[in-house]
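Quick one: structure below, then a few questions.
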Amino acid sequence: MGAVSGRLRAPKGTHDLLPPDSERFAAVEATARRVFSSYGYGEIRTPTFESTELFARSVGETTDIVHKEMYTFPDRKGRSLTLRPENTAGVVRALVEAGIQEAPRPIRLWYAGSQFRYEQPQAGRYREFRQIGVELLGVGSAAGDAEVLIMLFAFLGELGFRDLVATLNCIPRGDARAAFSRALQEHVRPRASALGDEDRRRLEENPLRLYDSKDPEAAKILEGAPATLDFLDEGARAHHLRLQELLREAGVRFVESSAIVRGLDYYTLTVFEVASERLGAQNAILGGGRYDGLVESLGGQPTPAIGFAIGEDRLVAAMEADARSPRPVFFVIPGSPADVDYALAVSGAIRALAPGSVVETDLTARGFPKGLARAAAALEKPERYAFRASSVRAVLLGADEREGERVTVKDLATGSQRSFARTALGEELGAARDR
Ligand code: AMP
């Protein structure tokens, strides 16, 4: 180890989550668990790093992610490992490894976790970011796409989002995809001299990836490009129309756009994104789509599948509502160090009598004024308090209370104060709930 010098900082592009932010993220994840499990989706947790080959084979060699954004390193035995840049490949790898062909269909899974991409950090774009995602495997019909989108909007609705609209596209598959790629090349080639090296490479190697370009020149050239929807085979067109019908019936709002192709190679047919006007340049909250070929390409039986990944950092940034449940908060304050034992006992009693509440014992025991100031801050500066308080009460325990086995409770919002026997605590807390 070298000499310690300077202040240690989080690596570029990462950010720490401290309370109350961490509690906001946890509440979003709890909502995800509640909503997704109500549709039968169970949680999956896969490793944070995988063999590099997994991403090359699934996300695609010519995508930006694999080409220039992966955190790839050799381990001590020289195996090439990569911090996961997304979670679908890991989920599919895990299912194939566990013997997906034996599992009853459909398979419904969700996950939440960190993903890693070596991107240029800016507001809303990090090198470590969090995604919440869903995968539905074993359903090839449009009903699968519809379930996933309906559930997604149910989740967003629970978080208070009311105006979001899905942008929907259908990417041709098989021969039709090849024909679309050729048509795209023919459209762009005469104007290719206006493009940078990177986009010219995309044009030749994987023309759909031109849509990932950040160059305004590329966007201009793509404006009049052939539309994906004109290249769909019969089955794909029927799938796309059926999905729209199901979404309309369910009241999921969407618009169609030929320009959504998504930055990963494994998508077939349905792809979608949702953006928020409340975010800046990086306004995409989530993306998803169908990946019918991926399971087979990773060594499993052919299995149709669809999923999405939400950028949790952006989701939380775009939220107006607070997903944290409101909880009664008690600050239990000993009058002096001599009252700490009594304060600990009363704190325990309140936790048992008022489940779901937050009970903080003032272990510093520096007296009532300091303890009350801290309790007041939870009420007056709620944006800095870890929890969302439905009420804030101070429980004052000095020598009088301790000796008389009594409890004094002050409601910080109203200033009203009551003193009663410790044995009446349950009754008093119940009464406070009803008031
Ligand atoms: P993708 O896996 O690229 O389809 O991304 C899905 C969602 O993850 C995007 O819509 C973003 O909300 C989020 N996301 C992707 N990359 C980043 C990043 N570098 N920083 C923060 N969020 C990201």
Side-chain angles (χ1 to χ4, degrees), residues 7-29 31-32 48 59 63-71 83-87 111-133 152 155-156 159-167 196 198-199 209 211-220 255 257 259-264 271-288 308-324 381-386 388:
R7 190 188 284 257
L8 289 173
R9 293 182 182 281
K12 182 173 175 183
T14 66
H15 60 135
D16 299 311
L17 285 181
L18 279 67
D21 294 336
S22 49
E23 292 295 332
R24 291 179 192 278
F25 277 68
V28 165
E29 289 153 25
T31 306
T48 311
V59 175
T63 59
D64 276 4
I65 293 178
V66 172
H67 198 65
K68 53 184 190 191
E69 294 174 358
M70 294 206 306
Y71 279 91
L83 298 184
R84 61 185 182 201
E86 59 96 54
N87 220 147
Y111 61 79
S114 283
Q115 317 296 332
F116 307 84
R117 295 183 195 171
Y118 194 87
E119 294 193 88
Q120 223 25 63
Q122 61 181 83
R125 196 199 278 161
Y126 309 102
R127 290 183 172 173
E128 179 179 11
F129 58 98
R130 293 155 190 86
Q131 286 187 336
I132 298 177
L152 167 63
F155 171 60
L156 294 171
L159 296 180
F161 290 99
R162 297 279 174 264
D163 312 322
L164 294 178
V165 178
T167 308
E198 167 109 39
D199 284 342
R209 296 276 70 85
Y211 282 95
D212 303 337
S213 173
K214 286 160 189 120
D215 180 3
E217 201 58 45
K220 219 187 303 165
V255 292
S257 165
I260 303 275
V261 300
R262 315 273 306 117
L264 300 85
V271 288
F272 53 91
E273 287 184 2
V274 175
S276 165
E277 286 166 8
R278 293 175 54 81
L279 298 173
Q282 302 301 315
N283 66 353
I285 301 186
L286 66 96
F308 61 74
I310 305 172
E312 190 180 358
D313 309 84
R314 294 189 195 169
L315 182 74
V316 171
M319 271 171 63
E320 268 176 276
D322 191 339
R324 295 173 302 169
K381 296 199 180 80
E383 70 286 354
R384 290 172 57 179
Y385 190 56
R388 181 175 165 203

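Just so it is clear, the values below take in all heavy atoms, side chains as well, and ignore hydrogens, waters and symmetry mates.
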Result of checking K12, R127, R125 against E119 for salt bridge (charged side-chain N to carboxylate O under 4.0 Å, His left out):
R125
Once side-chain hydrogen bond (donor to acceptor under 3.5 Å, both in side chains) is applied, do any residues pair with S213, and if so which ones, sequence neighbours excluded?
D199
Row check, F25 ring normal vs R130 NZ/CZ: under 6.0 Å, within 45°:
yes
Partners meeting salt bridge (charged side-chain N to carboxylate O under 4.0 Å, His left out) with D215 (sequence neighbours left out)
none
For P382, give me all partners under side-chain contact (heavy atoms from CB on, under 4.5 Å), at least two apart in sequence or on another chain.
none
Indicate yes or no for a side-chain donor-acceptor contact from R314 to the backbone of A284 under 3.5 Å, with no hydrogens or angles considered.
yes
Among residues at least two apart in sequence or on other chains, which ones pass side-chain hydrogen bond (donor to acceptor under 3.5 Å, both in side chains) with E128?
S114
If you round to the nearest 0.5 Å, how far is CD of E86 from CD of Q115?
7.0 Å
All heavy atoms of L159 vs all of A321, minimum pair found to be O-CB, 3.7 Å
Test log, rule side chain to side chain contact (heavy atoms under 4.5 Å, CB included), inputs N283 and E277:
CA-CA 7 Å; N283 66 353; E277 286 166 8; over 6 Å; no
Donor-acceptor check, side chain of R384 to backbone of P19, threshold 3.5 angstrom: yes or no?
no
Test side-chain contact (heavy atoms from CB on, under 4.5 Å) applied to A10 - qualifying residues, sequence neighbours left out:
T14, D16
Closest heavy-atom pair, F129 versus F116, reported as atoms and distance to 0.1 Å, is CE2-N, 4.4 Å
Between R324 and A27, is there a donor-acceptor pair closer than 3.5 Å when you use the side chain of the first and the backbone of the second?
no
For Y111 versus A309, what's the shortest heavy-atom pair and its separation?
OH-CB, 3.6 Å
Would a 4.5 Å heavy-atom cut-off, applied to side chains only, mark F161 and V274 as touching?
no
Please give me the minimum heavy-atom distance between I260 and E273, naming the atom from each residue.
CD1-OE1, 3.5 Å
Using a 4.5 Å cut-off on heavy atoms from C-beta on, say whether the side chain of V28 contacts that of L315.
yes
Nearest 0.5 Å, please: how far is CD in E23 from CG in D322?
10.5 Å
Could you go through the side chain to side chain contact (heavy atoms under 4.5 Å, CB included) check for I132 and L286 one step at a time?
CA-CA 9 Å; I132 298 177; L286 66 96; over 6 Å; no
Can you tell me how far apart CD1 (I285) and CD (E312) are? Round to the nearest 0.5 Å.
12.0 Å
Here the gap from F155 atom CZ to I310 atom CD1, rounded to the nearest 0.5 Å, amounts to 4.5 Å
Residues two or more places apart in sequence or in another chain: which of them pass side-chain hydrogen bond (donor to acceptor under 3.5 Å, both in side chains) with E198?
K68, R201
Taken to the nearest 0.5 Å, the spacing of R388 CZ from R24 CZ works out to 9.0 Å
Heavy-atom neighbours of Y71 OH exceed 12 at 6.0 Å:
yes
Donor-acceptor pair, R209 side chain versus D64 backbone, under 3.5 Å?
no
Shortest non-hydrogen contact from R278 toward A318:
NE-O, 2.8 Å
Do the side chains of R117 and L83 get nearer than 4.5 Å, heavy atoms only?
no
Rounded to the nearest 0.5 Å, how far apart are CD of E383 and CG of D21?
11.0 Å
